[in-house]
2 protein chains.
Amino acid sequence: MKPDFQPLLKSLSLKTTPKRIALLEILDDEKVYLSPEAIWKKMQKLFRSIGLPTVYRILDELHEGNIISRVLHPDRKLYYYLCRNEEHHHHFICVSCNKVEDLHFCAEKEIETLVVKGMKGKVLSHILQINGLCSRCLTEQVPAHG
Amino acid sequence: MKPDFQPLLKSLSLKTTPKRIALLEILDDEKVYLSPEAIWKKMQKLFRSIGLPTVYRILDELHEGNIISRVLHPDRKLYYYLCRNEEHHHHFICVSCNKVEDLHFCAEKEIETLVVKGMKGKVLSHILQINGLCSRCLTEQVPAHG
DNA sequence: CGTTAAATAGAAACTGTTTCTATTTGCGAA
DNA sequence: TTCGCAAATAGAAACAGTTTCTATTTAACG
């Protein structure tokens with residue numbers, strides 16, 4: 001069940017190139033977040049000649065257009081994944097298998113109150129990221145990395 | 001009022017070198033988080049010859065020993081600051097002046113419940129970072145960067 | 001099909017960080 | 001206080017992830 005990404009690209013005034021479609025399909029297939037390099041390696045199986053800069057550029061464009069989300073991993077690298085949730089939410093990241101799960105929880109109101117009333121400041125954005133082990137990795141006793 | 005950092009270093013089995021003391025004093029003076037390079041520049045005023053790798057190494061050691069905290073900035077660089085709070089807390093970061101304020105708020109319980117009961121997973125760590133404008137920058141209408 | 005602006009490959013540059021090796025220095029022992 | 005050695009450091013170089021640059025290719029529109 002591959003979604004039709006053409007209208008999505010069109011809405012961002014991006015041309016529908018095979019590489020953009022392939023990258024979106026790769027992210028759509030994965031339930032884990034991927035590094036640009038991992039995406040590049042998957043792309044190389046589909047295109048005999050594709051540069052890493054192309055992957056970076058496409059990721060930037062799609063992230064810019066809010067089609068894909070990215071995670072700032074504790075290892076200081078950026079990881080990307082396709083996020084289908086429109087509403088505001090946060091991420092649970094399994095440090096063992098890299099799976100991302102959306103958490104429909106947000107402490108927005110508490111934060112807003114603390115910052116506005118407590119500090120007389122203003123909230124521009126907030127990041128809530130939970131690192132842990134998903135149910136599968138937990139039961140399988142896979143050693144966590146990081 | 002400079003604290004005596006010697007026993008602190010000793011407790012980590014780190015030798016009390018002028019550079020380690022100076023770095024701690026620089027961080028103690030600042031109420032903002034600093035990049036390794038910014039710290040290096042301040043160090044260069046005190047030591048005619050100091051390498052950037054030395055700054056990185058000292059920062060790593062102190063961070064390892066839980067003496068200093070670090071922030072993973074949206075610009076993907078690491079910033080460091082001296083954190084005097086022992087208890088678990090989170091950070092408000094002013095994107096205009098880089099000041100860090102501790103927020104004594106934590107959604108730990110809600111997160112725990114969601115992950116354990118909802119996902120049957122396990123929480124290893126969590127990051128809550130609030131980016132905004134502090135009261136001073138807000139009233140001064142300083143344009144925010146980032 | 002032809003045109004044109006957008007997209008891409010490949011090389012090279014850039015930046016923050018780490019590693020390596022020879023030299024220097026803090027500090028416990030004598 | 002001086003000695004000896006492990007720890008700390010300088011400076012160069014390497015490294016990794018990411019970005020920039022330029023010539024070439026390609027999608028989209030008429």
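Each chain gets a letter, A, B and so on, in the order its sequence line appears, and its residues count up from 1.
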Can you list everything that forms a salt bridge (Lys or Arg N to Asp or Glu O under 4.0 Å) with [X]? Sequence neighbours excluded, please.
| X | value |
| --- | --- |
| B:K122 | none |
| A:D28 | A:R84 |
| B:E25 | B:K2 |

Item to check | Between A:Y81 and A:Y33, ring centroids under 6.0 Å | outcome: no
Integer-rounded Å distance: [N] [atom2] and [X] [atom1]:
| X | N | atom1 | atom2 | value |
| --- | --- | --- | --- | --- |
| A:L46 | C:dT8 | CG | C1' | 16 Å |
| B:I58 | C:dG26 | CD1 | C1' | 14 Å |
| B:W40 | D:dA10 | CH2 | P | 11 Å |
| A:R20 | C:dA9 | CZ | C1' | 15 Å |
| A:I39 | D:dT18 | CD1 | C1' | 14 Å |

Checklist entry - Does A:R20 reach the main-chain N or O of A:K15 with its side chain, forming a donor-acceptor pair under 3.5 Å? => result yes
Within the pair [X] and [N], is there a side-chain N or O less than 4.0 Å away from OP1 or OP2?
| X | N | result |
| --- | --- | --- |
| A:S49 | C:dG10 | yes |
| B:K19 | D:dA10 | yes |
| B:R57 | D:dA8 | no |

Checklist entry - Rounded to the nearest 0.5 Å, what separation is found between the CD1 atom of B:I130 and the SG atom of B:C94? => result 13.0 Å
Atom pairs and distances, side-chain donor-acceptor, residues 42-58 of chain A, under 3.5 Å, sequence neighbours left out:
unit_1 : atom_1 : unit_2 : atom_2 : d
A:K42  : NZ     : A:E30  : OE2    : 3.1
A:T54  : OG1    : A:R57  : NH2    : 3.3

Checklist entry - Could you write nucleotides 19-30 of chain D as a row of B, S and -, 5' to 3', where a protein heavy atom under 4.0 Å of any base atom gives B, of only sugar-phosphate atoms gives S, and otherwise -? => result BB------BS--
Next on the checklist: Between the opening five pairs and the closing five pairs of the helix from C:dC1-D:dG30 to C:dA30-D:dT1, how far apart are the helix axes, to 10°?
Outcome noted: 30°
Checklist entry - Would you say the side chains of B:H126 and B:H90 form a donor-acceptor pair under 3.5 Å? => result yes
